[in-house]
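Given the structure is predicted, the values throughout are model-derived calculations rather than measurements.
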Amino acid sequence: MFRPAADPQGMPSVSPTSLAIAKATLLDSGGWISTQRVVSPSLLVAGSAACGGAVAAEDHLELVPERWFFASNPDRTLMRAVLGGTFYVDPAGWSHDLAARLLDAFVSRVGELPYFTTSRASRWMVADEHTRVADLMRGADFALTAVTPDLLELQVADDPDAPATGFRCLEPGRSDIPGFVQITLPLDADAAVLLDLARVIVAEAPVVGGSAGYTFRWAPMVGGNAFDEMYRVTRRFLGFDLQVPELWAPLARRHATTSWLTAVSHHHPDRVGCLEGLEREAEVHLEPNRSCVLVRAGERPGLGDVNSMQWPEAMARAAAWMAPLLPKEFPAPPGLFSEEGAADRWARRLFEVDGWR
């Protein structure tokens with residue numbers, strides 16, 4: 001039915017010195033970043049009519065590297081630029097069946113993925129052609145997913161290091177901290193697929209916040225190095241979101257970040273004025289759902305490439321209206337974002353661009 005994934009080769013040293021050496025070595029041979037992209041054909045189909053037809057790839061998407069890796073071990077991924085979303089879910093509304101339904105919706109659009117792991121597994125597993133992870137989740141006798149009702153973590157991916165396509169959900173247990181559902185698609189996938197999946201999540205789950213658009217996924221063991229690279233990318237491409245659910249879940253009820261898609265809870269105390277302002281923006285669309293409003297800023301996500309003088313105007317105007325929803329002090333991810341004020345400046349980059357640049 002399934003088997004353990006083979007142990008990956010040892011992760012190379014990730015000290016600043018070794019990373020710099022890796023960069024220098026690869027730059028000598030044409031650059032340390034691979035720009036090759038492999039996208040599932042199912043993710044390149046025309047989008048739904050509700051999104052205005054197919055959502056085309058950004059004109060200058062080829063300027064963004066898709067994958068970062070180390071010279072000493074090029075098969076191991078440091079991080080990826082992706083199209084993805086993270087939505088925070090009220091713990092009171094969580095269940096195995098909800099997680100299975102959301103995974104079913106994801107797989108129906110992108111296909112089955114080879115690797116999976118759960119709260120009780122000590123390593124990634126490989127499913128064979130007859131295994132559906134969502135069905136395994138529903139089986140109480142399945143040892144890896146027969147976890148207690150108040151604790152569930154599931155990851156399904158095409159790459160255990162940093163997925164280009166993946167699904168992850170986490171229910172933290174008995175605390176009041178929201179769980180989350182995270183979906184990942186290749187960087188140049190059709191954004192209509194992301195919108196479709198986001199609509200499913202906010203319709204099925206009691207979502208209290210979240211965002212979706214251009215973002216990153218990274219290997220957990222090299223987080224500091226990955227965030228340094230994200231810092232550099234986001235200085236040029238303002239449209240990239242950071243989605244760090246382990247760090248930002250405690251803030252989800254009062255909102256964490258804004259992006260192309262932003263979920264605003266019905267219970268947020270400052271939501272009324274923000275939504276009234278957003279309703280006056282022609283390019284911003286509001287979709288009320290069971291526990292939140294899904295805000296869509298424009299027909300597709302924007303890169304906001306300052307070098308090409310691209311400006312994601314709809315995203316910037318939406319972010320400005322939702323500024324009161326940002327926390328007064330933004331929790332800082334590792335690396336360069338931990339410098340004083342850097343995380344706050346990044347969170348306000350779309351409407352206070354001079355502070356970030």
Side-chain angles (χ1 to χ4, degrees), residues 84-106 118-120 133-134 137-138 145-156 166-184 194-213 215 241-275 278 286-296 318 322 324-331 347:
T86 301
F87 297 92
Y88 299 95
V89 180
D90 189 330
W94 194 264
S95 70
H96 282 350
D97 185 61
L98 172 60
R101 293 200 311 271
L102 295 178
L103 178 58
D104 273 336
F106 180 81
T118 73
S119 308
R120 295 285 296 277
V133 177
M137 290 183 64
R138 294 185 173 99
T145 55
V147 295
T148 56
D150 63 349
L151 179 62
L152 169 68
E153 180 174 11
L154 170 72
Q155 296 184 68
V156 183
F167 175 94
R168 183 185 179 199
C169 60
L170 174 68
E171 166 50 50
R174 301 180 188 277
S175 74
D176 293 330
I177 298 174
F180 63 84
V181 177
Q182 187 173 81
I183 52 177
T184 303
L194 179 64
L195 175 61
D196 187 27
L197 286 166
R199 285 170 169 163
V200 170
I201 292 170
V202 298
E204 291 278 341
V207 171
V208 298
S211 60
T215 187
D241 188 13
L242 298 181
Q243 297 173 9
V244 195
E246 294 86 355
L247 186 62
W248 295 342
L251 303 177
R253 287 187 174 87
R254 62 182 191 271
H255 192 55
T257 64
T258 58
S259 189
W260 176 50
L261 305 178
T262 306
V264 180
S265 170
H266 290 323
H267 302 292
H268 196 292
D270 298 320
R271 64 181 289 277
V272 176
C274 298
L275 296 180
L278 289 167
L286 305 184
E287 300 181 14
N289 291 275
R290 57 180 289 189
S291 60
C292 69
V293 175
L294 186 65
V295 179
R296 173 162 55 95
M322 290 187 283
L325 306 184
L326 292 172
K328 293 182 179 179
E329 185 174 346
F330 212 82

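With E204 contributing its side chain and R101 its backbone, the two residues share no donor-acceptor pair below 3.5 Å. The closest donor-acceptor contact from the side chain of T262 to the backbone of S211 lies at 3.5 Å or more, if one exists at all. A donor-acceptor pair under 3.5 Å is formed between the side chain of T215 and the backbone N or O of D241. Between the side chain of W248 and the backbone N or O of P331, at least one donor-acceptor pair lies under 3.5 Å.
Between W260 and L194, the closest side-chain pair of non-hydrogen atoms falls below 4.5 Å. Using a 4.5 Å heavy-atom cutoff, the side chains of V293 and R271 are in contact. By the 4.5 Å heavy-atom criterion applied to side chains, P178 and D90 are not counted as neighbours. Within the 4.5 Å cutoff, the side chain of V207 has no heavy atoms near those of the N289 side chain. Contact check for L325 versus C274: side-chain heavy atoms found under the 4.5 Å cut-off. Residues H267 and V208 have side chains not in contact (no heavy-atom distance under 4.5 Å, counting atoms from C-beta outward).
For the pair A205 and S291, the tightest heavy-atom approach, listed with the atom from each and the gap, is O-OG, 3.8 Å. Of all the heavy atoms in A249 and I177, the pair that sits closest is CB-CG2, 3.8 Å. For the residue pair L326 and A347, the shortest heavy atom distance occurs at CD1-O, 3.9 Å.
The line from CZ of F87 to CG of L197 is 9.0 Å long, rounded to the nearest 0.5 Å. The distance from atom CD of E287 to atom CG of L261, rounded to the nearest 0.5 Å, is 8.5 Å.
We find that E153 and R168 are joined by a salt bridge, their nearest charged nitrogen and carboxylate oxygen being less than 4.0 Å apart.
Under a cut-off of 6.0 angstrom, the local environment of NE2 in H266 is crowded, with over 12 non-hydrogen atoms contributed by other residues, nucleotides or ligands.
If you run side-chain contact (heavy atoms from CB on, under 4.5 Å) between V181 and each of V202, L102, L103, only L102 comes through.
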Residues L154, F167; criterion side chain to side chain contact (heavy atoms under 4.5 Å, CB included); working and verdict: CA-CA 8 Å; L154 170 72; F167 175 94; 4.3 Å; yes
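Classification of the Y88-F180 ring pair by plane angle, with boundaries at 30° and 60°, yields perpendicular.
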